[in-house]
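So the structure is just underneath, and the comments pick up after that.
In what follows, every heavy atom counts, from backbone to side chain, and hydrogens, waters and symmetry copies are set aside. The model shown is predicted, which means the values in this text are computed figures rather than measured ones.
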Amino acid sequence: MAEIFSNDWAQAYKEAWNADKEITESLQRAGFNSIVAFGLPDTDEPAFVMTIQSGMVASVNRAAEDEIKWDIRATKDDWLSLIVKPPGLMKLGIAYTSRKLRFKKGDYATMIRDPSLAAAFVKSFALMGKVL
């Protein structure tokens with residue numbers, strides 16, 4: 001079992017993401033290309049960064065800070081609570097409004113309004129739990 005956001009975890013997450021047709025095809029249809037980071041709220045640097053090209057994770061932990069479009073932060077305990085029992089849109093909304101899930105970069109409201117992005121975002125937490 002790999003520690004969340006470790007290099008082993010990052011590689012396993014990349015493989016799980018790219019094998020998940022529901023996420024990749026949804027984001028491919030949306031033409032989603034971005035650099036997404038996850039981390040802890042009390043650190044400057046994100047703990048994990050993934051470059052997504054046409055819905056697929058092309059690389060992990062290889063982006064400059066100024067290239068990151070989405071930077072999502074939570075405490076380690078909050079990350080674990082969100083991935084051990086993966087949330088739906090309602091639980092994510094509560095986590096966001098209670099500031100347990102914070103967007104350092106990117107816009108939660110914009111993401112959640114796009115069904116392709118929202119579905120992939122929700123599903124990404126279940127994937128995190130599978131590789132933990």
Side-chain angles (χ1 to χ4, degrees):
M1 187 186 296
E3 175 76 18
I4 188 169
F5 304 138
S6 69
N7 285 330
D8 289 341
W9 182 91
Q11 288 303 317
Y13 188 68
K14 174 185 174 185
E15 291 169 17
W17 178 289
N18 288 341
D20 189 300
K21 297 298 180 200
E22 190 176 338
I23 288 179
T24 58
E25 289 176 3
S26 174
L27 293 176
Q28 284 170 347
R29 282 191 300 277
F32 189 75
N33 299 296
S34 194
I35 298 175
V36 180
F38 301 103
L40 305 173
D42 55 351
T43 61
D44 291 332
E45 299 292 318
F48 169 67
V49 179
M50 62 181 175
T51 301
I52 302 170
Q53 295 176 341
S54 193
M56 303 288 285
V57 177
S59 66
V60 293
N61 297 333
R62 291 193 193 129
E65 179 73 25
D66 62 338
E67 296 176 316
I68 295 171
K69 304 295 183 224
W70 299 87
D71 190 346
I72 305 162
R73 304 296 179 105
T75 66
K76 186 172 182 179
D77 287 343
D78 288 334
W79 277 119
L80 292 174
S81 74
L82 289 168
I83 64 178
V84 169
K85 186 177 179 196
L89 282 175
M90 177 81 92
K91 187 175 177 183
L92 282 175
I94 291 169
Y96 175 72
T97 57
S98 67
R99 301 203 28 88
K100 290 183 177 185
L101 187 67
R102 301 176 199 165
F103 281 64
K104 187 174 176 180
K105 288 185 181 178
D107 180 18
Y108 175 81
T110 299
M111 182 270 306
I112 216 68
R113 279 188 226 121
D114 183 325
S116 296
L117 297 181
F121 186 58
V122 169
K123 178 92 172 153
S124 71
F125 287 91
L127 280 180
M128 286 182 184
K130 286 181 181 178
V131 298
L132 188 59

Side-chain heavy atoms under 4.5 angstrom apart, residues restricted to Ile, Leu, Val, Met, Phe, Trp, Tyr: same cluster for [X] and [Y]?
| X | Y | result |
| --- | --- | --- |
| I4 | Y13 | yes |
| W70 | I68 | no |
| L117 | L89 | yes |

Enumerate donor-acceptor pairs with a distance under 3.5 Å from any side-chain N or O in residues 48-59 to protein atoms, sequence neighbours excluded.
residue	atom	partner	partner atom	Å
T51	OG1	S59	OG	3.4

Under 4.5 Å side-chain linkage, directly or through intermediates, the cluster mates of M90
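Answer for M90: I94.
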Any salt bridge (charged side-chain N to carboxylate O under 4.0 Å, His left out) involving residues 81-107? Give me the pairs, sequence neighbours left out, ordered by first then second residue.
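Every candidate salt bridge (charged side-chain N to carboxylate O under 4.0 Å, His left out) pair involving residues 81-107 fails, so no pair, neighbours aside, qualifies.
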Write out all pairs satisfying salt bridge (charged side-chain N to carboxylate O under 4.0 Å, His left out) with one or both partners inside residues 56-69, taking only residues at least two apart or from two chains.
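Sorted result for residues 56-69: empty, none.
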Pairs of donor and acceptor atoms involving the side chains of residues 118-132, under 3.5 Å and at least two apart or interchain, shall be tabulated with distances.
residue	atom	partner	partner atom	Å
K123	NZ	D20	OD2	3.2
S124	OG	F121	O	2.6

At what distance, to the nearest 0.5 angstrom, does CZ of F32 lie from CD1 of I23?
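That separation rounds to 11.0 Å.
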For the atom pair CG (L82) and CG (L92), what is the distance rounded to the nearest 0.5 Å?
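Between atom CG of L82 and atom CG of L92 there are 6.5 Å.
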Please confirm whether the backbone N or O of E3 pairs with a side-chain atom of W9, one donor and one acceptor, at under 3.5 Å?
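Pair absent, no side-chain N/O of W9 close to backbone of E3.
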Shortest non-hydrogen contact from [X] to [Y]?
| X | Y | result |
| --- | --- | --- |
| W79 | G39 | NE1-O, 2.8 Å |
| D71 | P46 | OD1-CB, 4.3 Å |
| S26 | S116 | OG-O, 3.3 Å |

Is the ring pair Y96/F103 parallel, tilted or perpendicular, if the boundaries are 30 and 60 degrees?
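Perpendicular.
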For T43, enumerate each residue passing the side chain to side chain donor-acceptor pair (under 3.5 Å) test, keeping only those at least two apart in sequence or located in another chain.
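With sequence neighbours excluded, T43 shows a side chain to side chain donor-acceptor pair (under 3.5 Å) to R73, given in chain and number order.
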Using salt bridge (charged side-chain N to carboxylate O under 4.0 Å, His left out) as the criterion, list what pairs up with D78, not counting sequence neighbours.
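Not a single residue meets the salt bridge (charged side-chain N to carboxylate O under 4.0 Å, His left out) criterion with D78.
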